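Just below is one structure, and these are the notes that go with it.
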There are 2 protein chains.
Amino acid sequence: MNSGASIPQHRKLYEILRKHISEGVYAEGDLLPSENELCRLYGMTRPTVRQSLAALANDGYIRKHQGKGSIVQLPPMDIGILSVSGTTSALGNRNLKTRIIVKPVLKPWPEEFMFNLTKLERESGCIYMERLRLLDEAPIFYDISYIANINLPRITARQFENKSLFVILREHYQVEIKGGEQRIRAISPSARIRSFLMLEAGQPVLHLERRIMTNMEGLFLYSSIFCNTGKYSVFGRF
Amino acid sequence: MNSGASIPQHRKLYEILRKHISEGVYAEGDLLPSENELCRLYGMTRPTVRQSLAALANDGYIRKHQGKGSIVQLPPMDIGILSVSGTTSALGNRNLKTRIIVKPVLKPWPEEFMFNLTKLERESGCIYMERLRLLDEAPIFYDISYIANINLPRITARQFENKSLFVILREHYQVEIKGGEQRIRAISPSARIRSFLMLEAGQPVLHLERRIMTNMEGLFLYSSIFCNTGKYSVFGRF
DNA sequence: AATATTTACTTGTAAATACAAGTTTGTTTG
DNA sequence: CAAACAAACTTGTATTTACAAGTAAATATT
């Protein structure tokens, strides 16, 4: 009999360890308890524990070394909008602020969209919003988001000021990010983008078009992000 | 007793299936043989087969569906220099050419390097080269590569014209790419870069600084890539 | 004929067991 | 004291067994 819900044990252990690593219970470079120790601690068998550790290694939370143990690595992303990380986490998330330019509204999708949409997505309409992200009061990202209006009641009413969109989707709708794809370009910004990012004429802008997959079948998050990479550069793992 | 070398069975099966998928034995959308069938075919047990399939799913070659089977996906990258993929694979790799600007030479590392180097790397010196990548005769990437001169005999003598650097490292030195990290910026190109990419003044350029990890302990590949994203955009999964 | 239901698949989860192989830490030996 | 060895760890690989859960097709029912 499973104690509690029908969440697999290996998944549970994965979440526990992931949380511990994220919260700093284990520092970078630390050794995780050995597999056998984890077995004893959580009452599982080694194959189950190993499944959890394999997933953690995959997601970049640990590095395994035969004969040595599992070494903790710093978490890879978790920076709000951009899963491309680094600059922000290097500075600590303290100075990161979000200003909403266009509040979430429900409206039809643009005719020409950056990604191909399913029939269901087109029919559902999209939740649209524009946000500006500032680091130490300096605008860094301008983010235009599109979400298909599927199984997300009352989402336009929610606050997006302080919490990241991902956190809200996770806490209120149990939506988890699974991965995604992106197109990256260097562009000359439009006057509008230039003014939001407070750029001088001629300064280039990094443009990301992303399609983010979730655990909800058919639910994707889309965003078009303009970055001022003059002072900071976007960082990512692959 | 192991038949042949000391390569694990699950790794062997992984390589076999990966090759089959890459070579088109299975088309996109096809179902792989079921796990039990693979057991019979290759004389392994299900956990071993599952380990192979888990790795394939991880690397984006298949998508698993409970009750259904393992569905083949198109390979994710494998595009020569850039693991950021898409544009090239969409066009087929036929039109991709490489022109060597600076042949591989052994020299000391730059004093100020884009990533922190280990003591061993600094002492070993670096293999330096510059290459231009063209798509349909139009220059797209300008790639400056740095490799620590560790366990790579005769590498400066090898041909890089037609084969990708990764392929050479793989075939001659058994070096496998494990992952990496990158910084991305939009910049105004220098006159030199602008002339190589045949750009007009004012056109922005995408700049990637990458550190690529390998299976060889302590061996990293570094590259600084300048991309003309005017016509094509760099594509990547995460 | 259309709809349930059963059946035979598929992958997912989990245990118990065994040995191989790399790493560290002692202990013994010279 | 220093080097060589041995023991006690660690993770890696692999088999065997069992049942759960999702999917699809064949079958029985209405």
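Throughout, protein chains are lettered first and strands after them, A, B, ... in sequence-line order, and every chain is numbered starting at 1. These numbers were taken from a predicted model, which means no experiment stands behind them.
For the pairing with Tyr146(A), the ring pair (Phe, Tyr, Trp, His ring centres under 6.0 Å) check across Tyr222(A), Phe113(A), Phe220(A) returns one residue only, Phe113(A).
Rounded to an integer number of Å, the gap from Leu56(A) CG to dT11(D) P is 13 Å. Atom CD in Gln51(B) sits about 16 Å away from atom C1' in dT16(D), given to the nearest Å. The distance between atom CG of Asn36(A) and atom P of dG12(D), rounded to the nearest whole Å, is 12 Å. In this entry the distance linking CZ of Arg50(A) with P of dT13(C) reads 17 Å, nearest Å. Here the P atom of nucleotide dG12(C) and the CZ atom of Arg63(B) are 13 Å apart, to the nearest Å. As rounded to whole Å, 14 Å separates atom C1' of dG12(C) from atom CD1 of Ile62(B). One interatomic measurement links the two molecules: CG of Leu32(B) to C1' of dT10(C), which rounds to 13 Å at whole-angstrom precision. Between Glu37(A) atom CD and dT10(D) atom P there is a gap of 7 Å when expressed in whole angstrom units.
Cation-pi contact between Arg183(B) and Phe115(B): present, with separation from the ring centre below 6.0 Å and deviation from the ring axis of at most 45°.
Within the 3.5 Å criterion, the main-chain N or O of Ser145(B) finds no donor-acceptor partner in the side chain of Ser223(B). At least one donor-acceptor pair closer than 3.5 Å links the side chain of Thr214(B) to the backbone N or O of Leu219(B).
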Scoring nucleotides 20-27 of chain D by protein non-hydrogen atoms under 4.0 Å (B base, S sugar-phosphate only, - none) yields -BBSS---

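Heavy-atom distances to DNA chain D give each of Ser70(A) and Thr48(B) a nearest nucleotide, and the one nearer the 5′ end belongs to Ser70(A).
Once rounded to the nearest 0.5 Å, the distance linking CG of Leu221(A) with CE of Met213(A) reads 10.5 Å.
For Thr45(A), whose side chain is taken as the heavy atoms from C-beta onward, the closest listed nucleotide among dT10(C), dT11(D), dA14(C) is dA14(C). You'll find that the side chain of His10(A) is closest to dT13(C), out of dG12(C), dT13(C), dT13(D). In this structure, of dT10(C), dG12(C), dT13(D), it is dT10(C) that holds the atom nearest to the side chain of Ser34(B).
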Show the numbers, then the answer: is there a salt bridge (Lys or Arg N to Asp or Glu O under 4.0 Å) between Arg11(A) and Glu15(A)?
CA-CA 6 Å; Arg11(A) 192 74 206 162; Glu15(A) 292 295 349; 3.5 Å; yes

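Taking each heavy atom of Thr48(B) and His10(B) in turn, the nearest pair found is O-CB, 3.6 Å.
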